[in-house]
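Each remark here refers to the structure printed beneath this line.
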Amino acid sequence: MTGDYAVMRLEGKSFHDRVIAAIRAVPRGKVATYGQIAAFAGSPRAARQVVRVLHSSSRKHKLPWHRIVNSRGRISLKPGQGYEEQRARLISEGIEFSDDEGIDLARFLWTA
DNA sequence: CTCGTGACTCCCG
DNA sequence: TCGGGAGCCACGA
């Protein structure tokens, strides 16, 4: 594709597809919140559905699932359930964590 | 059609 | 600061 992550036409596509597109649009070194992805997909309050999409398609679509964090800039996964891996992946992309505040959204939150 | 299921979020106390 | 509770919504069974 000529573009990069681009001009996806969300019309006619399902919520599921839009979520996929939104997640793929998050660049390296940036993170997005579940609510943000949901909003981008057309349903501001469907953050929980984003989780479902992640579960069902993250691997299949090779999505940067690790760039999705909760609204407070923290990893929602529990230790031993993926928390470690997600944190490692984010750090490798240059995202910084502070022990008590998690990720500084003011600096790393993705903004379309 | 009804129900269960969440890697969520917001609001209170 | 932290925890509990209720709201919310797409989707498969």
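Letters A, B, ... mirror the listed sequences (proteins, then strands); counts begin at 1.
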Point to revise | Check: Arg45(A) side chain, dT9(B) base, donor-acceptor under 3.5 Å | key: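 Absent.
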**Study point:** Arg48(A) (side chain) and dC8(C) (base): donor-acceptor pair under 3.5 Å
**Key:**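 By the distance-only test, yes, there is a pair.
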Revision key, fill the gap. Quick note, Phe15(A) side chain, CB onward, closest among dC11(C), dG6(B), dT9(B) is dC11(C)
Study note, to complete from the structure: Against the side chain of Gln49(A), the closest entry in dG6(B), dT9(B), dA7(B) is dG6(B)
Atom [atom1] of [X] to atom [atom2] of [N]: distance rounded to whole Å?
X: Arg72(A); N: dA7(B); atom1: CZ; atom2: P; value: 15 Å
X: Phe40(A); N: dC8(B); atom1: CZ; atom2: P; value: 21 Å
X: Arg52(A); N: dG4(B); atom1: CZ; atom2: P; value: 13 Å
X: Asn70(A); N: dG3(C); atom1: CG; atom2: P; value: 14 Å
X: Leu54(A); N: dA7(B); atom1: CG; atom2: P; value: 10 Å
X: Leu105(A); N: dC8(B); atom1: CG; atom2: P; value: 15 Å
X: Arg74(A); N: dT1(C); atom1: CZ; atom2: P; value: 9 Å
X: Ile23(A); N: dA7(B); atom1: CD1; atom2: C1'; value: 11 Å

Exercise for review: Take atom P in dC8(C) and the same atom in dC12(B), then report the distance between them in whole Å.
Suggested key: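 Approximately 14 Å lies between the P atom of dC8(C) and that of dC12(B).
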Practice item. Considering only atom C1', compute the distance from dA13(C) to dA7(B) and round it to an integer number of Å. Key: 22 Å
Practice item. Flag the pair Phe108(A) / Leu90(A) as yes when at least one side-chain heavy-atom distance between them is below 4.5 Å, and no otherwise. Key: no
Review point. Should Gln36(A) and Val26(A) count as side-chain neighbours, where that means a heavy-atom distance under 4.5 Å?
Key: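 A side-chain contact is absent here, since even the closest heavy-atom pair is not under 4.5 Å.
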Review point. For dA10(C), does either OP1 or OP2 sit under 4.0 Å from a side-chain N or O belonging to Ser14(A)?
Key: no
Check your understanding: According to a strict under-4.0 Å criterion, is Ser71(A) in side-chain N/O contact with OP1 or OP2 of dC8(B)?
Key -> no
Exercise for review: To the nearest 0.5 angstrom, please state how far the CD atom of Gln86(A) sits from the CD1 atom of Ile95(A).
Suggested key: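 Between Gln86(A) CD and Ile95(A) CD1, I get 9.5 Å after rounding to 0.5 Å.
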Report which part of the nucleic acid [X] touches: base, sugar-phosphate, or nothing (heavy-atom distance under 4.0 Å, all strands).
X: Tyr34(A); result: base
X: Ser56(A); result: nothing
X: His16(A); result: sugar-phosphate

Review point. Below 4.0 angstrom, N of the basic side chain to O of the carboxylate: do Glu85(A) and Arg89(A) qualify?
Key: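 A salt bridge is present here (some side-chain N lies under 4.0 Å from a carboxylate O).
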Check your understanding: Do other residues, nucleotides or ligands put more than 12 heavy atoms under 6.0 Å from Arg45(A) CZ?
Key -> no
